[in-house]
Amino acid sequence: MRGSLRVLAHGGFRTLLAAALVSNLGTFVQDVGEAWLMVKLGGTPLEIALVSATAWFPAVVLTLPAGVLADQADRRRVLVAAQAWMALTAFALAAATALGRVTPSGLLVATTSIGVGQAVHGPSWSTYVPDRVPRRDLPDAVAVQSLNWNLARTLGPALGGLLVARLGPAAAFVVNGLSFGGVLGVLAATPPEPPRGAPAGLWPSIRGGLHYTFGTRDLRVICSTTAAFGLCASPVLALLPAYVARELGGDGGTFGLLLGAFGAGALVGAFSLARTRARLGAARLVPAAIFVSALSTAALGLAPAPAWAVAALVPAGAAWLSALSTQNALVQTRAAPELRGRVKSIDNLLFLGLYAVGSTAAGVAANAFGVRAVVLGSAPLVALVAAAAALARLPSLPSAEAGPGPNG
């Protein structure tokens, strides 16, 4: 907690974080609106799962070039362009929804468009915001970013469920479009970054990042664990709207409640993460958190009513936060500063790309075998990922006394 307070003392980091909280809230409000709109349009389990998956498909194509931009371009300009693109897409989807012109395929086009913005945005944001603090505070900055994201994950779905229930999905999309304004305002008022050396060509830069990441044992293990978790754990969130509608008999408010439970668990995990990580160490914390996720997935698959699903999703949220935030901190601290954007983009690509593959496969399987069976079936796969992570011996986080970074 002391480290978290220290990073919040940095004004630039604190201001960006506050603006990001508003934007993140809008993202989760939109997630509820998109998923429930697909349910109301009569989408199949596959189409419902694709709402989540198509948001991440662009990462397969764009994340590596976006990592090069994060290392070589003015990240502030990259972030402004990506945020503006996502805001315009949200407003366009709101207009089409209000006019009754949205079809299942049109909704998937919109979620893909937002995924394009997220793919370009991710590596620059992941490296730009922590650079507002000294390097010795980097693990704490990553943890506070995760706390910020999961505070939004807790509050956003509840707000989204309320908006969708009272005003319809179009209202959720308008709120998301407006939520980008704070970050755009902060970035517009921030001076451009100084040049960081002559840029290399795109493909040589990508090859260099791939060679460095997979040629470095620690980074290879971290990224592989993240990828395997994304693939096997994806049915929980990808099929949650269909699970609510088909297995629990709930509505948009129920869906928002369950997403909020997941976020509340993540919030609890974020507050306790530093203490838990200090006691267990990263090498033991990540496999333990993934195993808890497996148990929570099984409990969700057996839930007979929404209250039971809430009880299953709270520990799931804490486990996801603990595993992914720790692995993010490992990537950020183990990568060379001049390659951090590319390494983070590769980590994003593996996680989001395989999450999209897992979500799509879960949707196909749910069409054939039912939603509950697929959620239950994913639990032992997640447990296998936990066992593999324990055997792989993840590295530890470096000491906080590693020394100051460029802003220190």
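Remember, predicted model here, so these are calculated numbers, not experimental data.
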In terms of side-chain heavy atoms, does [X] have a donor or acceptor partner in [Y] at a distance below 3.5 Å?
X      : Y      : value
Arg76  : Tyr128 : no
Trp85  : Ser113 : yes
Thr225 : Gln327 : no

Output, in order, the C-alpha distance, side-chain angles, deciding distance and verdict of side-chain contact (heavy atoms from CB on, under 4.5 Å) for His121 and Val78.
CA-CA 7 Å; His121 181 269; Val78 174; over 6 Å; no

Please evaluate residues Thr63 and Val120 with respect to the criterion side-chain contact (heavy atoms from CB on, under 4.5 Å), reporting the C-alpha separation (whole Å), side-chain torsions for both, the decisive distance (0.1 Å), and the verdict.
CA-CA 6 Å; Thr63 293; Val120 173; over 6 Å; no

Looking at [atom1] of [X] and [atom2] of [Y], how far apart are the two atoms once the value is rounded to the nearest 0.5 Å?
X      : Y      : atom1 : atom2 : value
Ser124 : Asp74  : OG    : CG    : 9.0 Å
Leu107 : Met38  : CG    : CE    : 4.5 Å
Glu247 : Leu239 : CD    : CG    : 10.0 Å
Lys344 : Asn348 : NZ    : CG    : 4.5 Å
Phe369 : Leu376 : CZ    : CG    : 14.0 Å
Leu155 : Asn24  : CG    : CG    : 11.0 Å

Ignoring hydrogens and angles, tell me if any N or O in the side chain of [X] forms a donor-acceptor pair with the backbone of [Y] under 3.5 Å.
X      : Y      : value
Ser325 : Ser322 : no
Thr190 : Val186 : yes
Arg334 : Ser396 : yes
Asn176 : Ala90  : no
Asp347 : Val343 : no
Ser378 : Val375 : yes
Thr44  : Glu47  : yes
Ser234 : Leu231 : yes

Least distance between heavy atoms, [X] atom then [Y] atom:
X      : Y      : value
Thr226 : Leu324 : CG2-CD2, 4.2 Å
Ser293 : Ala319 : N-CB, 3.7 Å
Gly377 : Leu381 : O-CG, 3.9 Å
Leu69  : Arg75  : O-CG, 4.4 Å
Thr27  : Gln118 : CG2-NE2, 4.4 Å
Val174 : Ala94  : CG2-CB, 3.6 Å

So, using ring-ring contact (aromatic ring centres under 6.0 Å, His included) as the criterion, who are the partners of Phe28 when residues are at least two apart?
Trp149

[X] vs [Y] side-chain heavy atoms within contact, under 4.5 Å:
X      : Y      : value
Leu354 : Phe229 : no
Val68  : Arg342 : yes
Gln30  : Leu93  : yes
Phe255 : Val32  : yes
Leu25  : Val175 : no
Leu237 : Trp320 : yes
Leu330 : Asp218 : no
Leu300 : Trp308 : no

Counting only heavy atoms from other residues, nucleotides and ligands, does the tally under 6.0 Å from CZ of Arg393 exceed 12?
no

Enclosure of Arg217 CZ (heavy-atom neighbours >12, cutoff 6.0 Å)
yes

Could you go through the side-chain contact (heavy atoms from CB on, under 4.5 Å) check for Thr213 and Cys223 one step at a time?
CA-CA 9 Å; Thr213 301; Cys223 292; 4.0 Å; yes

With side-chain contact (heavy atoms from CB on, under 4.5 Å) as the criterion, how do Trp125 and Leu16 come out once you've worked through the C-alpha distance, each side chain's angles and the decisive distance to 0.1 Å?
CA-CA 10 Å; Trp125 183 262; Leu16 268 176; 4.0 Å; yes

